[in-house]
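Presented below is the structure to which this report refers.
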Number of protein chains: 2
Amino acid sequence: MNAFEVAHAIRADCLCFRARRVARVITRAYDEALRPLGLQATQLTLMSGIAAAGDGGQPMGRLADILAIDAATLSRNLKLIEKAGFAEIGRDPRDKRVRIVRLTGEGELMLHQALPRWQQAQREVVRSLGGDSAGAALCGQFDDATRAVQAAFDF
Amino acid sequence: MNAFEVAHAIRADCLCFRARRVARVITRAYDEALRPLGLQATQLTLMSGIAAAGDGGQPMGRLADILAIDAATLSRNLKLIEKAGFAEIGRDPRDKRVRIVRLTGEGELMLHQALPRWQQAQREVVRSLGGDSAGAALCGQFDDATRAVQAAFDF
DNA sequence: CCAGAATAGTTGCATATACAAGTATCCGAT
DNA sequence: ATCGGATACTTGTATATGCAACTATTCTGG
């Protein structure tokens with residue numbers, strides 16, 4: 001088996017390559033829609049994750065679990081959101097190790113402003129996939145794959 | 001609609017969030033298997049893309065198209081592979097703008113050494129997804145989605 | 001032929017990502 | 001009560017990613 005054949009064996013089936021590639025392409029679509037706001041798709045995801053916790057605020061660890069993201073990465077990404085004025089990072093008085101993240105008023109405003117842009121990107125991507133049912137199906141497949149791989153690898 | 005509701009509206013359906021998350025999780029599985037070689041999954045993807053061109057070498061632009069990756073990103077990622085001694089970046093004598101990338105002997109050796117590690121990760125991921133047919137299906141869905149979004153957004 | 005447009009890469013800058021190692025805090029067994 | 005391990009996050013370091021602006025080269029219309 002020469003290098004050419006090895007390369008084709010890998011490229012033909014590699015899920016990692018494809019998962020990353022589709023993430024790049026999809027991300028570009030959302031980033032483009034959000035660009036006028038100076039917000040990246042990743043940051044909107046992060047802010048949604050924070051706001052989804054409601055008034056109690058979101059503990060960092062829980063956010064890391066939901067996003068399946070490394071705590072170190074999250075720590076840094078959060079700092080950017082904080083520096084932009086969209087979130088504040090406090091402490092849990094019950095457990096001083098835990099950081100509780102909340103959106104600021106400015107952050108909530110930005111979230112509202114981002115909604116129609118996000119909807120636009122989402123709509124266009126879903127349409128390109130063939131419509132709502134195809135979009136929902138892909139959504140579910142992403143979720144299923146995430147869960148399956150997480151379970152198998154103890155992530 | 002308050003921030004909490006906006007956040008849930010976005011999180012409930014966002015394909016960008018899910019595409020990135022599944023890419024993170026899957027990438028970890030492959031990175032872990034490749035770690036003993038000091039190679040990352042992204043780098044193996046890159047090297048496979050180079051070797052897949054055969055003896056003629058791969059023009060950078062074509063590699064960027066295949067990987068759906070920004071030319072600037074590719075330029076830098078390639079330099080790391082080159083610095084590691086796994087590839088050389090030459091010029092196309094027919095068009096001096098074009099860079100032609102080839103694996104070195106060392107690069108081909110590394111590709112061979114990586115194959116069983118990649119197979120192991122691929123096998124475990126596919127198994128976690130429910131077997132070969134589920135793996136192939138997900139592969140196809142990643143490809144279809146990549147093509148669809150690329151076509152819709154002129155990437 | 002030649003000037004301007006198009007193409008291929010590179011560089012500057014910024015964010016996203018992760019592992020390893022470090023710090024602070026908490027919890028549990030003795 | 002305390003000491004040792006577990007937990008939650010941060011910091012150091014390195015790669016991955018992309019946009020904007022730049023350089024070098026090629027192509028194209030006149």
Side-chain angles (χ1 to χ4, degrees), chain A residues 16-17 19-32 34-36 38-47 58-65 67-84 89-101 153 155, chain B residues 16-17 19-32 34-36 38-47 58-65 67-84 89-101 153 155:
Chain A
C16 183
F17 158 43
R20 293 185 71 86
R21 183 172 60 173
V22 78
R24 281 193 292 268
V25 170
I26 290 179
T27 299
R28 257 175 248 156
Y30 288 77
D31 274 348
E32 189 182 335
L34 293 170
R35 193 160 308 134
L39 203 67
Q40 303 206 212
T42 320
Q43 297 168 339
L44 179 58
T45 297
L46 199 40
M47 288 172 63
Q58 190 74 288
M60 254 193 65
R62 217 176 107 61
L63 205 45
D65 286 345
L67 303 180
I69 205 175
D70 187 80
T73 300
L74 180 58
S75 178
R76 284 168 169 127
N77 292 359
L78 277 176
K79 267 180 202 154
L80 293 175
I81 301 290
E82 188 189 27
K83 195 160 59 175
I89 307 178
R91 286 180 187 284
D92 183 341
R94 304 195 168 277
D95 183 343
K96 279 180 256 175
R97 292 170 302 182
V98 175
R99 301 304 211 111
I100 302 284
V101 193
F153 284 84
F155 295 153
Chain B
C16 183
F17 158 44
R20 294 186 70 86
R21 182 172 60 173
V22 77
R24 282 193 291 270
V25 170
I26 290 179
T27 299
R28 258 174 246 156
Y30 288 78
D31 274 349
E32 189 182 335
L34 293 169
R35 192 159 310 136
L39 204 65
Q40 304 208 207
T42 320
Q43 297 167 339
L44 179 59
T45 296
L46 198 42
M47 288 172 64
Q58 190 74 288
M60 255 193 63
R62 215 174 108 62
L63 205 45
D65 287 345
L67 303 180
I69 206 175
D70 187 81
T73 300
L74 180 59
S75 178
R76 284 166 169 128
N77 292 359
L78 276 176
K79 267 180 200 152
L80 292 175
I81 302 290
E82 188 189 26
K83 194 160 62 175
I89 307 177
R91 287 181 187 284
D92 184 342
R94 302 195 169 276
D95 182 343
K96 278 180 257 175
R97 293 170 301 182
V98 176
R99 300 305 211 105
I100 303 283
V101 193
F153 284 84
F155 295 152

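By convention in this document, chain letters (A, B, ...) are assigned in the order of the sequence lines, proteins followed by strands, and residues within each chain are numbered from 1. The structure presented is a predicted model; accordingly, all values stated were derived computationally and were not measured.
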Give, for atom [atom1] of [X] and atom [atom2] of [Y], the distance between the pair rounded to the nearest 0.5 Å.
X	Y	atom1	atom2	answer
B:Ile81	B:Gln43	CD1	CD	4.5 Å
B:Gln40	A:Cys16	CD	SG	10.0 Å
A:Leu67	B:Phe17	CG	CZ	5.5 Å
B:Met47	B:Asn77	CE	CG	13.0 Å

Please list, by residue number, the residues of residues 20-28 of chain A whose heavy atoms come closer than 4.0 Å to an atom of DNA chain D; answer none if no residue qualifies. A:Arg20, A:Arg24, A:Arg28
All salt bridge (charged side-chain N to carboxylate O under 4.0 Å, His left out) counterparts of A:Arg97, not counting sequence neighbours: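 Salt bridge (charged side-chain N to carboxylate O under 4.0 Å, His left out) list for A:Arg97, sorted by chain: A:Asp95.
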Return the nearest nucleotide to the side chain of A:Leu80; candidates are C:dG9, C:dC19, C:dA16.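 Given the options C:dG9, C:dC19, C:dA16, the side chain of A:Leu80 is closest to C:dA16.
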Among C:dA8, C:dT17, C:dT15, which nucleotide has an atom closest to any side-chain atom of B:Val98?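 For the B:Val98 side chain, the nearest candidate turns out to be C:dA8.
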Are any non-hydrogen side-chain atoms of [X] and [Y] less than 4.5 angstrom apart?
X	Y	result
A:Leu46	A:Leu63	yes
B:Arg28	A:Phe153	no
A:Thr45	B:Arg20	no
B:Leu78	B:Met60	yes

For [X] and [N], what is the distance between atoms [atom1] and [atom2] respectively, to the nearest whole Å?
X	N	atom1	atom2	value
A:Asp31	C:dT15	CG	P	13 Å
B:Leu63	C:dA8	CG	P	14 Å
B:Arg62	C:dG9	CZ	P	12 Å
A:Gln43	C:dT17	CD	C1'	14 Å
A:Leu39	C:dA16	CG	P	9 Å
A:Met60	C:dT23	CE	C1'	14 Å
A:Phe153	C:dC19	CZ	P	13 Å
B:Leu78	C:dA8	CG	P	16 Å

Categorize [X] for me: base, sugar-phosphate, or nothing, with a 4.0 angstrom heavy-atom threshold over every strand shown.
X	result
A:Arg76	base
B:Leu74	nothing
B:Lys79	sugar-phosphate

C:dT17 OP1/OP2 closer than 4.0 Å to side-chain N/O of A:Asn77: yes
Reference residue B:Pro59; test side chain to side chain contact (heavy atoms under 4.5 Å, CB included); the match among B:Val98, B:Asp65, B:Asp92: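 With B:Pro59 as partner, B:Val98, B:Asp65, B:Asp92 yield a single side chain to side chain contact (heavy atoms under 4.5 Å, CB included), made by B:Val98.
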Going 5' to 3' along DNA chain D, between which two nucleotides do contacts with chain A fall, using a heavy-atom cut-off of 4.0 Å?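 So the outermost contacting nucleotides come out as D:dA6 to D:dC19.
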Under 3.5 Å, is there an N or O donor on one side and an acceptor on the other linking the side chain of B:Arg91 and the base of C:dG9? no
Could you say whether A:Ile69 or A:Pro93 is positioned toward the 5' end of DNA chain C, judged by the nucleotide with the nearest heavy atom to each?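 On the 5' side of the pair lies A:Ile69.
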For A:Thr73 and for A:Arg94, find the nucleotide of DNA chain C with the closest heavy atom, then tell me which residue's nucleotide is more 5'.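 Comparing both residues, the 5'-ward one is A:Thr73.
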